[in-house]
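Structure record follows, encoded as structure tokens.
Whatever order the structure lists them in is the order used to number ligands and atoms, beginning at 1. The model shown is predicted, which means the values in this text are computed figures rather than measured ones.
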Amino acid sequence: MAPVYYNDYLRVPGLKECVRPLTTAHDEHLFIITHQTYELWFKQILFELDSVIPKLNNKFSDNSPTLFEVNHRLNRVVEIWKVLVLQFTILETMTPLDFLDFRSQLFPASGFQSLQFKEIEATLGLKSHTRFHPEQKDEKTGETKPQTDYYKHLGTEKGGFTDNDKSRIEERESSVTLLDAVKSWLNRIPFFSNDSLWIDYKGGQGSVDERINHPFWKDYVVAYRSCLTEFDKAKGKDEELIKAITEGNESFTAAEIKATLFIMSYRDYPIFHLPFQLLTNVTEVDELLSDWRHRHVYVVMRMIGTRSGTKAGASGAAYLKGIAEKNYVFKDLSALVTYLIPRKDLPALPEKLLEKIGYMD
Ligand code: HEM
């Protein structure tokens, strides 16, 4: 076999060929390289997400390396996002005047058309109808309403997507997402469906609320109440917890919420180390995407102020602020920390269960 040559293997000449400015403005070169670098990292993120979703979605043995692999790759996604947030500082060496030297030539292309970015969001679990929709004034009634068709195909002449790209996003939205896979995994966590593990459980004697039927959760609610401040009690935080563990919330069922709270609360036990890390990784990806969106708004404000972007139908920065506030996937999961209680107040677990979640002595 011929020796591998660095420049051939990495296709460096082809890569350099990809930088093709439309103008002679000096900073357009940096503008292109920056966006291309982002797109390459987006490709890597999609590659990792596509590899972990089927692993997590399908049943695997606790003794297999699957959960470690899933975590390892999600952690890589977390690290990439950290770099992507930082990377804006290089583009910010371009000043607004430098940008004006070539901006008009790029019309109507827009970051909105980044297929891979929208694919990442859809693969995480964001759907078109759950995204932020900019408001629009109805010409006839003068009423302001969310623009429901904002993500529909508008055609490239208006800063929208091509038919193919639009279909690709829809395909991603209707496939199994990371959110679906995390939910499926949480539903497979067995501790409350196996009564034999709770046979020697000592608590659960008091009557708390008839909606709660497991003794552990009765004790958990009592312990939660006793650690609330008067202010939080008055706000009905305990009722909120009961509602969450009996009815669920907007994104997660009651069973998924109970599994999450159990992992978070007893995460010091060996069997929960990796599950806890997984929950941390998915919420961190969500937070870093939000960091990225906020950082991007600052860049946009700095470069074009409050001028419109190129995507028809919304003022650039106003739209970007809206997506930064709204477009989360795991917000309802990270919000469960509201219902944690101090370690010293956690119900003592029964022997049989402790054997299951600890190392064998
Ligand atoms: C000079 C710097 C930049 C400016 C002025 C800018 C401007 C904008 C504006 C105004 C929008 C809103 C859509 C529109 O109205 O056209 C947008 C969206 C977007 N931009 Fe940028 N951008 C800049 C840099 C970047 C970079 C470096 C990336 C990296 C890939 C990026 C990725 C995106 C993405 C993904 C969206 C769509 C967000 C969404 O719809 O959720 N932008 N950009």
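- Only the side chain of Leu320 comes within contact range of ligand 1, with a heavy atom under 4.0 Å; no backbone atom does.
- A salt bridge is absent between Glu240 and Lys243: the closest approach of a Lys/Arg side-chain nitrogen to an acidic carboxylate oxygen does not fall below 4.0 angstrom.
- Checked against side chain to side chain donor-acceptor pair (under 3.5 Å), Asn281 has the following partners two or more places apart in sequence or in another chain: Asn71.
- Heavy atoms of Met94 approach ligand 1 to within less than 4.0 angstrom.
- A salt bridge links Glu79 and Lys82; the closest N-O separation between the charged side-chain nitrogens and carboxylate oxygens is under 4.0 Å.
- Using 4.0 Å as the threshold, Lys118 has a heavy atom nearer than that to some atom of ligand 1.
- Counting atoms of ligand 1 from 1 in the listed order, those under 4.0 Å from a heavy atom of Phe31 are 1 (C).
- Considering backbone and side-chain N/O of His296, one or more are found under 3.5 Å from N/O of ligand 1.
- Salt-bridge check for Arg103 with Asp98: failed, with every basic side-chain N at 4.0 Å or more from each acidic carboxylate O.
- Atoms of ligand 1 found under 4.0 Å from any heavy atom of Leu91 (numbered from 1 in listed order, with element): 2 (C), 27 (C).
- Within ligand 1, counting atoms from 1 as listed, the ones closer than 4.0 Å to a heavy atom of Ser110 are 13 (C), 14 (C), 16 (O).
- Close approach of ligand 1 to Ile323 is summarised as follows: ligand atoms under 4.0 Å from at least one heavy atom of the residue are 38 (C), 39 (C), 41 (O).
- Ring centroids of Tyr269 and Phe276 are separated by 6.0 Å or more, keeping the two rings apart.
- For atom 32 (C) of ligand 1, the choice among Tyr38, Trp292, Phe117 with the nearest heavy atom turns out to be Trp292.
- For ligand 1, the atoms lying closer than 4.0 Å to a non-hydrogen atom of Val300 are 4 (C), 6 (C), 7 (C), 8 (C), 22 (N).
- The two residues Ile53 and Val176 make their nearest non-hydrogen contact at CG2-O, 3.5 Å.
- For ligand 1, the polar-atom distance check finds an N/O of Tyr319 within less than 3.5 Å of one of the ligand's N/O atoms.
- Near Phe99, with a cut-off below 4.0 Å to any heavy atom, the atoms of ligand 1 are 1 (C), 5 (C).
- No hydrogens or angles considered: a donor-acceptor pair under 3.5 Å links the side chains of Glu256 and Asn187.
- Atom CZ of Arg188 is surrounded by more than 12 heavy atoms from other residues, nucleotides or ligands within 6.0 Å.
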